[in-house]
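One-based numbering, in listed order, for ligands and for the atoms of each.
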Amino acid sequence: MKPIIFDVDTGIDDALAMAYALHSPELEVLGFTTCFGNVAVEDATRNTLAVLEKLDRHIPVFSGASQTLKRGEKQKYPKHVHGEDGLGNTRKEVPILQASQGKAVDFIIDQVKSRPNEITIIAVGPLTNIALAIKKAPDVMSFVKELIIMGGAVKVPGNVNPYAEANIISDPDAAELVLASGLPVTLVGLDVTMQTCLPKAKVGEWRATGKESAGFFADMTDYYMKAYDASHPGLGGCALHDPLAVGVAIEPDFVNTELMNINVVTEGEETGRTIGQADSESSIRVCTEVDATRFVKHFLERVI
Ligand code: BDR
Ligand code: CA
């Protein structure tokens, strides 16, 4: 089993990625850390707890960054994609489960310190918590085994504007710091996630199982599908961004990668752009191809 720290900004596709990870015997999720991004950090924490409650899993959740590393400007959250609550307006009750005491950044550092060269971090929101951990304990963080990031758009256009992907543009300074840190990164960006598609019909199949948790995921995914219908008419479903980062942790063969250095643009019109340059010495593996059919099948076998 791979020991995992899962950094989320839960979010509908984050919620699906959580279920996929928690149903995967290859992964041992030690804890979740939350970040602002799709919603404010308080909501990301609440949503993470709500998903765990639906799945009947008691795994520690540590609240993390509420704002960017440097800029501190007021955040705008993509309610048209993830809903008012971040879960497609499905979160009816306040979860009974509570977040753990302590900060996300300290949880990350403590875990890596106690298990050097063992821990994989999967990060599927803005990279603020990871950047804070690297700033606070660079020596400890050099013992992260692998950092799998859902973020960036290296050879393809962005999804927020023609240049930038949402997780990177939400905190470009954090992304720049993390991608320049020399940590062993696998970058699962729009280059590959936009090739994955969850077909609309699957949501009806989930609901038809009659399982409460399946209904919960079906309702939120319907909301996400509507956003995709508006932004990508004709796709017939939605992309599985965050779940693919989990898929790569389970089965690295789902993707092909190229070694590149990545520069993050932090100023001007192209802020958030991830510019890749081939470098056989780089510690960053950029996913450039995906076996989407095999991955989507694997995801569907496990998520519900
Ligand atoms: C990423 O942005 C968020 O909206 C999703 O949860 C995903 O992590 C896709 O660009
Ligand atoms: Ca996310």
Linking Ile, Leu, Val, Met, Phe, Trp and Tyr by side-chain heavy atoms under 4.5 Å, what else ends up with I169?
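Members other than I169 - counting any ILVMFWY side chain reachable under 4.5 Å - are V160.
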Would you mind checking if D222 and R207 are paired as a salt bridge, meaning a charged N to carboxylate O distance below 4.0 Å?
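Salt bridge present between R207 and D222.
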Ionic contact status for E84 with K79, cut-off 4.0 Å:
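Yes.
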Between H298 and F254, does the ring centre distance come in under 6.0 Å?
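Yes, close enough.
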Taking atom types as modelled, is there a side-chain donor on [X] or [Y] under 3.5 Å from an acceptor on the other?
X    : Y    : value
T34  : T48  : no
T274 : E165 : no
H82  : N38  : yes

Among the N, O or S atoms of D9, the one nearest the Ca ion (ligand 2):
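In D9, the heteroatom (N, O or S) nearest the Ca ion (ligand 2) is OD1.
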Is the distance between the Ca ion (ligand 2) and the nearest N/O/S atom of V124 smaller than 3.0 Å?
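Looking at V124, which is the residue asked about, there is an N, O or S atom under 3.0 Å from the Ca ion (ligand 2).
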What angle, in degrees and rounded to 10°, do you get at the Ca ion (ligand 2) when you join it to OD2 of D14 and to OD2 of D242?
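With the Ca ion (ligand 2) as the vertex, the angle is close to 80°.
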Provide, line by line, the atom pairs where ligand 1 and the protein bring an N/O atom each to a distance under 3.5 Å; else say none.
| unit_1 | atom_1 | unit_2 | atom_2 | d |
| --- | --- | --- | --- | --- |
| ligand 1 | 4 (O) | N38 | OD1 | 2.7 |
| ligand 1 | 4 (O) | H82 | NE2 | 3.1 |
| ligand 1 | 6 (O) | D13 | OD1 | 2.5 |
| ligand 1 | 6 (O) | D13 | OD2 | 3.3 |
| ligand 1 | 6 (O) | D14 | OD1 | 3.0 |
| ligand 1 | 6 (O) | N38 | ND2 | 3.0 |
| ligand 1 | 6 (O) | D242 | OD2 | 3.1 |
| ligand 1 | 8 (O) | V124 | O | 2.9 |
| ligand 1 | 8 (O) | N167 | ND2 | 3.0 |
| ligand 1 | 8 (O) | D242 | OD1 | 2.6 |
| ligand 1 | 8 (O) | D242 | OD2 | 3.1 |
| ligand 1 | 10 (O) | N159 | ND2 | 2.8 |
| ligand 1 | 10 (O) | E165 | OE2 | 2.4 |

